[in-house]
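A short write-up of the structure that comes next.
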Amino acid sequence: MMASLMFTVSTSPLVHVHSNIRNSVVMPRRCIGEIRLHTTPSIRGCTLSIRCSSSPDTGFTRIDGKKEAKNITDEIKIEVSRMDVVPGLAVILVGDREDSASYVRNKKKACESAGIKSVDVCLPEDSSEEDVLKYILSFNDDPSIHGILVQLPLPSHLNEHNILNAIKKEKDVDGFHPYNVGLLAKRGCEPDFVPCTPKGCIELLHRYNVEIEGKRAVVIGRSNIVGMPVAHLLQNEDATVTTIHSKTKNPEEITREADIIIAAAGQPNMVRGSWIKPGAVVIDVGINHIEVDPNAPSGSRLVGDVCYEEACKVASAVTPVPGGVGPMTIAMLLSNTLASAKRIQEFL
């Protein structure tokens with residue numbers, strides 16, 4: 001004779017927190033239905049079956065950078081409203097790269113949403129180093145400007161090192177001044193500002209409760225803008241970090257060992273599903289325009305460094321492109337500008 005115990009859950013939607021054991025990602029999960037425990041005389045063990053009225057759970061989470069960026073911007077707006085001064089951000093754009101111009105436009109819109117003053121300087125492609133430095137020095141001395149950002153990459157004839165070094169370190173909200181870069185690389189030290197895209201990557205991992213300590217992390221790409229600083233941030237959180245670059249042998253094999261993958265190589269769809277260990281978390285930093293139909297209105301579409309369609313079938317969580325890391329980069333820039341304004345205000 002079978003003894004049966006039935007537990008009926010309310011039919012109203014309930015959200016339960018589920019921990020993915022493979023990578024410690026905590027995700028909201030909807031589950032409504034019945035939980036049955038039953039035993040038989042011949043088998044003393046218990047069998048647990050769960051029937052959910054929602055769609056089958058695939059265990060996959062889309063990491064929504066756009067949503068998190070909005071939450072952060074809303075939090076910044078509240079803090080700005082309580083301040084005696086209005087934080088000010090100056091951005092210098094040299095040239096007419098569409099991706100850089102798009103970033104500046106989105107940044108300006110985000111500043112307006114958060115109550116931060118935005119000052120933009122757009123210089124022609126053939127501007128001299130002296131032209132750029134003139135604006136930097138002016139903003140350095142302007143008490144209404146708390147953050148200065150020079151949009152990278154710069155045209156090849158300009159010396160990036162000299163230009164970034166000219167920014168007052170107290171206003172280096174992009175985190176690329178040697179002072180901040182050095183402190184980030186030094187164990188046990190904390191820079192005034194962390195580069196925005198790497199900071200956004202780590203913030204997404206935190207907000208989705210991804211465990212970093214003790215995990216294997218692979219960073220694809222070693223640029224000064226993303227790859228190198230994000231590797232330092234992961235090391236500072238006690239991950240075991242491997243950096244893959246153009247000279248790395250067997251990159252697919254190395255990447256497949258990772259619990260966390262951060263792809264920042266600038267190569268469209270480079271990371272395929274076969275590169276990803278089941279249950280890994282994937283942060284896609286890449287922004288690549290690929291031609292799909294020359295006759296279409298846009299003629300191209302935006303993709304990341306990760307083949308999203310394939311990654312979704314293997315990983316436990318992935319950032320989309322667009323809508324993943326991009327919005328978080330801008331949110332971190334606003335966060336750094338707010339921090340700078342607070343710091344400067346304390347000394348007024």
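- With hydrophobic clusters built from ILVMFWY side chains whose heavy atoms lie under 4.5 angstrom apart, Leu234 shares a cluster with Leu184.
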For this session: Start with the C-alpha distance between Asn336 and Ser340, add both sets of side-chain angles, then the distance that settles side chain to side chain contact (heavy atoms under 4.5 Å, CB included), and finish with yes or no.
Result: CA-CA 6 Å; Asn336 282 352; Ser340 179; over 6 Å; no
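- Within the 4.5 Å cutoff, the side chain of Val285 has no heavy atoms near those of the Asp305 side chain.
- Leu183 and Ile167 fall into different hydrophobic clusters, where Ile, Leu, Val, Met, Phe, Trp and Tyr residues are linked whenever their side-chain heavy atoms come under 4.5 Å apart, directly or through other members.
- Within 6.0 Å of the NZ atom in Lys66, the count of heavy atoms belonging to other residues, nucleotides or ligands does not exceed 12.
- Transitive grouping of hydrophobic side chains (ILVMFWY, heavy atoms separated by less than 4.5 Å) brings Leu333 and Ile145 into a common cluster.
- Counting heavy atoms from C-beta on, the side chains of His177 and Pro191 never come closer than 4.5 Å.
- Atom NE2 of His206 and atom CD of Glu68 lie 13.0 Å apart (nearest 0.5 Å).
- To the nearest 0.5 Å, the span separating NZ on Lys77 from CG on Leu338 amounts to 14.5 Å.
- Atoms CD1 and CG, from Ile116 and Leu89 in turn, are 7.0 Å apart once rounded to the nearest 0.5 Å.
- Only one option out of Asn140, Asp174, Val119 pairs with Ile148 in a side chain to side chain contact (heavy atoms under 4.5 Å, CB included); it is Asn140.
- In this structure a side-chain-to-backbone donor-acceptor pair under 3.5 Å is present from Thr73 to Ala69.
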Exercise. Yes or no on side chain to side chain contact (heavy atoms under 4.5 Å, CB included) for Ile254 and Val218, after CA distance, side-chain angles and deciding distance?
Worked result: CA-CA 8 Å; Ile254 295 170; Val218 165; 4.2 Å; yes
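- The 12-atom threshold is not exceeded at OH of Tyr135, counting heavy atoms of other residues, nucleotides or ligands nearer than 6.0 Å.
- The number of heavy atoms from other shown groups lying within 6.0 Å of NZ (Lys186) does not exceed 12.
- Val181 and Tyr179 fall into different hydrophobic clusters, where Ile, Leu, Val, Met, Phe, Trp and Tyr are joined by side-chain heavy atoms under 4.5 Å apart, directly or via other members.
- The minimum heavy-atom distance between Ile276 and Ala311, with the atom names listed, is CD1-CB, 3.6 Å.
- Considering every non-hydrogen atom in both Val303 and Arg301, the closest pair reads CG1-NH1, 3.5 Å.
- Annotation: side chain of Leu154 is not in contact with side chain of Val132 (no heavy-atom distance under 4.5 Å).
- Side-chain atoms of Lys171 come within 3.5 Å of backbone atoms of Phe139 as a donor-acceptor pair (strictly under, hydrogens ignored).
- No side-chain heavy atom of Asp284 sits under 4.5 Å from any side-chain heavy atom of Tyr308.
- Across Leu158 and Glu129, no two heavy atoms sit closer than the pair CD2-N, 3.5 Å.
- Nearest heavy-atom pair across Gly324 and Pro327 is O-CD, 3.4 Å.
- Counting non-hydrogen atoms of neighbouring residues, nucleotides and ligands closer than 6.0 angstrom, the CG atom of Asn224 reaches no more than 12 such neighbours.
- In this model, a donor atom of one side chain and an acceptor atom of the other lie less than 3.5 Å apart for Ser128 and Asp131.
- A donor-acceptor pair is defined here as one N or O able to donate and one able to accept, closer than 3.5 Å; no such pair exists between the side chain of Asn162 and the backbone of Ala166.
- To the nearest 0.5 Å, atom CZ of residue Phe193 and atom CD of residue Glu170 are 8.0 Å apart.
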Exercise. Does the pair Lys215 and Thr240 meet the rule for a side chain to side chain contact (heavy atoms under 4.5 Å, CB included), with working shown?
Worked result: CA-CA 6 Å; Lys215 299 298 182 180; Thr240 301; over 6 Å; no
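- Going from atom CG of Leu152 over to atom CD1 of Ile92 covers 11.0 Å, rounded to the nearest 0.5 Å.
- Look at Glu252 and Arg256 and you find a salt bridge, because one of the NZ, NE, NH1 or NH2 atoms lies within 4.0 Å of a carboxylate O, short of that distance.
- The existence of a salt bridge linking Arg207 and Glu203 is confirmed by a sub-4.0 Å separation between a basic side-chain nitrogen and an acidic carboxylate oxygen.
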Exercise. Could you walk me through whether Asp120 and Leu93 pass the side chain to side chain contact (heavy atoms under 4.5 Å, CB included) check?
Worked result: CA-CA 8 Å; Asp120 298 333; Leu93 173 64; over 6 Å; no
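- Closest approach of Cys201 and Val230 over heavy atoms only: CB-CG2, 4.2 Å.
- Val86 and Leu334 fall into different hydrophobic clusters, where Ile, Leu, Val, Met, Phe, Trp and Tyr are joined by side-chain heavy atoms under 4.5 Å apart, directly or via other members.
- Side-chain contact between Asp74 and Ile76: absent, with no pair of heavy atoms (C-beta onward) separated by less than 4.5 Å.
- Enclosure of atom NE2 in His157 by more than 12 non-hydrogen atoms of other residues, nucleotides or ligands within 6.0 angstrom is indicated.
- Between Asp192 and Arg343, the shortest heavy-atom contact is O-NH2, 3.6 Å.
- A 6.0 Å sphere centred on NZ of Lys277 holds more than 12 heavy atoms belonging to other residues, nucleotides or ligands.
- Within the 4.5 Å cutoff, no side-chain heavy atoms of Glu310 are placed close to those of Asn269.
- Side-chain atoms of Tyr208 come within 3.5 Å of backbone atoms of Asp64 as a donor-acceptor pair (strictly under, hydrogens ignored).
- A 4.5 Å side-chain heavy-atom check between Val314 and Pro278 finds at least one atom pair inside the cut-off.
- At a threshold of 4.5 Å between non-hydrogen side-chain atoms, the residues Val173 and His146 do not count as touching.
- More than 12 heavy atoms of other residues, nucleotides or ligands lie within 6.0 Å of CE in Met270, so this atom counts as buried by the packing criterion.
- Interatomic distance, Leu205 CG to Ile262 CD1, rounded to the nearest 0.5 Å: 5.5 Å.
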